[in-house]
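This report refers to the structure that appears directly beneath it.
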Amino acid sequence: MKPSIPKGTRDFSSTEVAKRNFIFSTIKHSFENFGFQPIETPSFENSSTLMGKYGEEGDRLIFKILNSGDYLKKVDESLLSEKDSQKVTSKISEKALRYDLTVPFARYVVQHQNDITFPFKRYQIQPVWRADRPQKGRFREFYQCDADVVGSKSLWQEVEFVQLYDTVFSKLGLQGTTIKLNNRKILSGIAEVIGAKDKLIDFTVALDKLDKIGKDGVVTEMLAKGISQEAIDKVDPLFSFTGTNEDKLASLKGMLESSEEGMNGVEELSFIVNAISELGLISANLDIDVTLARGLNYYTGAIYEVAAPKEVKMGSIGGGGRYDDLTGIFGLKDVSGVGISFGLDRIYLVMEELGLFETVELPKPKVLFLNFDENESLAKVKAIKALREANIKSELYPDVATSNKQQKKQWKYVTNREIELVVTSVNDDKFTIKNMQTGDQNLLTVNEIIDLVN
RNA sequence: GUGGUUGUAGCUCAGUUGGUUAGAGCGCCGGAUUGUGGUUCCGGAGGUCGUCGGUUCGAGACCGAUCUUCCACCCCA
């Protein structure tokens, strides 16, 4: 049998793990710095928790887990002969793999509402699974890093999340990301103004494709969805929406005058933009983007999406927004939430492409003790113990070399793992230590080695 | 889910219009040289050519199915 792993999954080498851990710890540190606390939820949930929360498309992409036991026995003969996969699935599968972290979080909040102090700021870094077809930057198993606040309607939260994005990407050394900002209320307002409120979803989905298929493509799609030419003409400025955030807000204000909801959205956006211009950003750009729709249907206010630096071709590396009533579905009304997500795997690809991992320390010993003489082993192991206590990664080559050939193998190990310092032999309390880059060789005590490294 | 693409030694790839024992580089193993490595030289092992089926006197090369890779759409992190 040829060993293999399922489509869309990956193994990670120790180098890759080291780089991934660098991203994880940077994000985690910033989350905690901003006052979020960690929780974890199970890899799989009851199907009823997940199904229907992500739209029709989402349901299709959820990995279902087959019931245990003789699950087919419980299914009606007539149902089986119908060959309706969806109906049969609900009978033979009661559990499903986590599709994202937001819905399980909503479930968590409702289930533990009595133990939670609101506003509740939680972060969660765990893998999610989607039965999608893999392609660039898209996997069937990948990590999301989510931070959300529930139980606060304050717009300062929205401001804080912009800062959080900026902080994390700056710390990662990822310069020039663009945080795109929109507001669902503006989209609703636009739809209202053009008299196509019932076609809000079609309208936004089409508008979302503006940068991909151009104005003509969008107009064609809107017409096909039954939106009138007259209506489209009313929002013509949207198709060439440029200038500063302030310009865009002014333009929106004019366009949405007659829509209360739309004006609300403009006000919210203004608040965030003004706050951020006071606070400043380290390396990210904040950009109002009215074409930003995002598929998830639970957003009600702010919508975020982060684009990688322009020189890298990659889908969004983060997204999020405000959802006024996510927990309502689980029976807890009027709890507003807002949150963002970082796509670890895509961030990794972007950083790799930009060569930003140079500073990541690879998991290898600083000092390697060669093992040429059994009689020296104990003295070397004692020295290693002292070095480790001084927080210096060190190890003994496990097998004693009993021939020239085997010594050579140890030297090769040193070369391949790019080890800097090598101890060859011991004389009383002095160790022969060689710097592999310079070729310098010295006779030092353990304490002198510690000083040398530090 | 739709459309396209890929699949040959551990890795990266060659393999001409289908024709005798399927190749290279790197890596690996052994030997020689090298003061204790990174060099060079010599030798060796390792492939049912993704899988199954078909066409043919004969297929790694042609056809079909399937799995896998990568990409676009859809959707999204």
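Within every chain, numbering begins at 1; the chains are lettered A, B, ... in the order of the sequence lines, protein sequences first and strands thereafter.
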Practice task
Name the pairing partner of B:A24, where a pair is Watson-Crick or G-U wobble with both distances under 3.5 Å, or state none.
Solution key: B:U12
Problem - Pairing partner (Watson-Crick or G-U wobble, both distances under 3.5 angstrom) of B:C62 - result: B:G54
Handout entry: Donor/acceptor link under 3.5 angstrom from A:Arg133 side chain onto base of B:U2
Key = yes
Exercise for the section: Report the residue (A:Ile5 or A:Gly343) whose heavy-atom-nearest nucleotide on RNA chain B is the more 5′ of the two. Expected result: A:Ile5
Exercise for the section: Report the residue (A:Thr9 or A:Gly315) whose heavy-atom-nearest nucleotide on RNA chain B is the more 5′ of the two. Expected result: A:Thr9
Exercise for the section: Would you indicate, yes or no, if B:U34 has its OP1 or OP2 atom less than 4.0 angstrom from a side-chain nitrogen or oxygen of A:Lys412? Expected result: no
Handout entry: A:Gln135 side chain near B:C70 phosphate (N/O to OP1/OP2, under 4.0 Å)
Key = no
Handout entry: Modelled atom types, side-chain donor and acceptor of A:Thr41 and A:Gln124, under 3.5 Å
Key = yes
Practice task
Could you tell me whether A:Glu45 and A:Lys53 make a salt bridge, using a distance below 4.0 angstrom between a side-chain N and a carboxylate O?
Solution key: no
Pairwise [atom1] distance for [N] and [M], with rounding to whole Å:
| N | M | atom1 | result |
| --- | --- | --- | --- |
| B:G54 | B:G44 | P | 39 Å |
| B:C62 | B:U69 | P | 22 Å |
| B:U8 | B:C70 | P | 14 Å |

Tell me: [atom1] of [X] to [atom2] of [N], nearest whole Å?
| X | N | atom1 | atom2 | answer |
| --- | --- | --- | --- | --- |
| A:Arg130 | B:C74 | CZ | P | 17 Å |
| A:Glu221 | B:C73 | CD | C1' | 12 Å |
| A:Arg346 | B:C76 | CZ | P | 11 Å |
| A:Met314 | B:C76 | CE | C1' | 13 Å |

Practice task
Could I get the full list of salt bridge (charged side-chain N to carboxylate O under 4.0 Å, His left out) partners for A:Lys434, not counting sequence neighbours?
Solution key: none
Practice task
Return the residues of residues 57-65 of chain A meeting this criterion: a heavy atom under 4.0 Å from some atom of RNA chain B. Order them by number, or give none.
Solution key: A:Glu57, A:Arg60
Problem - Proximity to RNA chain B (any heavy atom under 4.0 Å), residues of residues 137-149 of chain A only - result: A:Gly137, A:Arg138, A:Phe139, A:Phe142, A:Gln144
Exercise for the section: Classify the nucleic acid contact of A:Val205 as base, sugar-phosphate or nothing, counting any heavy atom under 4.0 Å across all strands shown. Expected result: sugar-phosphate
